[in-house]
Amino acid sequence: MYIVSCCLLGVNCKYSGGNNRNEKVLQFLSDKEYVAVCPEVRGGLPIPRTPAERVGDKVLTKDGRDVTSEYAVGAELCLQYVKAYAEELGEEIEGAILKNNSPSCGFRSIYDGTFSGKTIEGNGVFAEKLLAEGINIKTEKEI
């Protein structure tokens with residue numbers, strides 16, 4: 001079973017209210033079991049919402065609001081949901097396909113906190129949780 005960012009499946013859950021539908025991801029998952037998650041929404045953030053980026057260990061919105069706790073809660077709730085779903089199905093989690101550069105799902109690359117489109121090396125809050133569990137991660141760019 002795979003974990004996948006909802007936005008990559010075409011779910012309108014991005015901060016802007018849109019999605020990041022990715023045909024390669026959809027094709028890859030076409031014959032696989034998967035569970036879709038959006039840690040930001042699960043953490044209680046609305047759609048649409050003010051853009052947010054990681055700044056050190058914090059997640060801040062473009063207007064300076066600290067939403068770190070919403071990201072942490074969403075990441076934990078998604079992890080627990082995924083684990084329970086996998087157990088219910090009797091499936092092992094094979095890996096995750098997450099949205100590149102996201103403050104929650106980014107893997108190896110996240111936006112740098114300046115809201116300029118520049119990226120730095122790093123992981124999103126949810127990606128860090130998955131890595132701590134030993135779950136392999138790919139982004140849509142690696143599919």
Side-chain angles (χ1 to χ4, degrees), residues 1-86 89 91-143:
M1 183 188 84
Y2 284 86
I3 303 162
V4 62
S5 296
C6 283
C7 63
L8 296 175
L9 301 176
V11 176
N12 292 331
C13 58
K14 275 180 65 167
Y15 74 90
S16 63
N19 66 69
N20 294 304
R21 182 182 171 97
N22 185 292
E23 294 303 323
K24 286 182 179 178
V25 171
L26 289 167
Q27 180 64 34
F28 175 80
L29 294 170
S30 66
D31 62 350
K32 294 169 182 60
E33 193 71 44
Y34 64 89
V35 60
V37 296
C38 179
E40 296 169 25
V41 173
R42 184 72 98 173
L45 295 171
I47 306 165
R49 58 189 166 274
T50 306
E53 295 184 3
R54 287 197 82 175
V55 180
D57 288 337
K58 294 184 181 245
V59 182
L60 304 176
T61 63
K62 192 171 185 176
D63 58 9
R65 192 165 60 97
D66 187 339
V67 289
T68 307
S69 64
E70 288 91 333
Y71 276 71
V73 166
E76 182 60 30
L77 289 174
C78 284
L79 176 61
Q80 295 310 316
Y81 170 71
V82 166
K83 287 168 111 177
Y85 187 71
L89 292 179
E91 296 267 338
E92 288 194 29
I93 299 170
E94 293 182 59
I97 305 168
L98 303 180
K99 178 65 188 107
N100 192 42
N101 300 329
S102 160
S104 56
C105 294
F107 175 58
R108 294 191 301 245
S109 175
I110 56 173
Y111 290 113
D112 71 356
T114 65
F115 298 93
S116 63
K118 293 179 183 171
T119 59
I120 57 171
E121 200 172 293
N123 297 310
V125 177
F126 183 54
E128 285 180 345
K129 282 248 182 238
L130 296 182
L131 290 169
E133 293 285 323
I135 297 171
N136 293 317
I137 301 173
K138 291 183 181 200
T139 71
E140 77 279 12
K141 297 191 183 286
E142 298 169 294
I143 298 297

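Just the heavy atoms: all of them, side chains too, but no hydrogens, waters or symmetry mates, feed the values below. By convention here, the first residue in the shown sequence is residue 1.
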State the [atom1]-[atom2] distance between [X] and [Y], to the nearest 0.5 angstrom.
X    : Y    : atom1 : atom2 : value
L29  : I97  : CG    : CD1   : 4.5 Å
D112 : E121 : CG    : CD    : 13.5 Å
E140 : L26  : CD    : CG    : 12.0 Å

E40 vs R49, test: salt bridge (charged side-chain N to carboxylate O under 4.0 Å, His left out). Steps then yes/no. CA-CA 10 Å; E40 296 169 25; R49 58 189 166 274; 2.7 Å; yes
Salt bridge present between K83 and E133 (N-O < 4.0 angstrom):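 Between E133 and K83 there is a salt bridge, with a charged N closer than 4.0 Å to a carboxylate O.
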Is a side-chain N or O of [X] found less than 3.5 angstrom from the main chain of [Y], in a donor-acceptor match?
X    : Y    : value
T119 : I110 : no
E128 : V125 : no
S5   : K99  : yes
R54  : N123 : yes
E53  : T114 : yes

Mark yes or no: R42 above the aromatic ring of Y81, with NZ or CZ under 6.0 Å from the six-membered ring centre and no more than 45 degrees from the axis.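 Satisfied, under 6.0 Å and within 45°.
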Does a sphere of radius 6.0 Å around CG in D63 hold more than 12 heavy atoms from other residues, nucleotides or ligands, not counting ones at 6.0 Å or beyond?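 More than 12 heavy atoms, drawn from other residues, nucleotides or ligands, come within 6.0 Å of this atom.
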Take atom NZ in K32; do more than 12 heavy atoms of anything else shown fall under 6.0 Å from it?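 Counting other residues, nucleotides and ligands, NZ of K32 exceeds 12 neighbours.
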Test ring pair (Phe, Tyr, Trp, His ring centres under 6.0 Å) applied to Y2 - qualifying residues, sequence neighbours left out: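 Only F28 meet the ring pair (Phe, Tyr, Trp, His ring centres under 6.0 Å) criterion with Y2.
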Tell me the closest heavy-atom pair linking C6 and C38, and the distance in Å.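 Smallest heavy-atom distance, with atoms named: SG-N, 3.9 Å.
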From V41, N20, L98, residue fulfilling side chain to side chain contact (heavy atoms under 4.5 Å, CB included) relative to C7: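 Considering V41, N20, L98, a side chain to side chain contact (heavy atoms under 4.5 Å, CB included) with C7 is found only for N20.
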Tell me which pairs pass ring-ring contact (aromatic ring centres under 6.0 Å, His included) where either residue lies in residues 29-79, with sequence neighbours left out.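 Of all non-adjacent pairs touching residues 29-79, none passes ring-ring contact (aromatic ring centres under 6.0 Å, His included).
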R65/V67 under side chain to side chain contact (heavy atoms under 4.5 Å, CB included): CA gap, chis, key distance, verdict: CA-CA 6 Å; R65 192 165 60 97; V67 289; 3.7 Å; yes
May I have the step-by-step check of side chain to side chain contact (heavy atoms under 4.5 Å, CB included) for N100 and S109, ending in yes or no? CA-CA 7 Å; N100 192 42; S109 175; 4.1 Å; yes
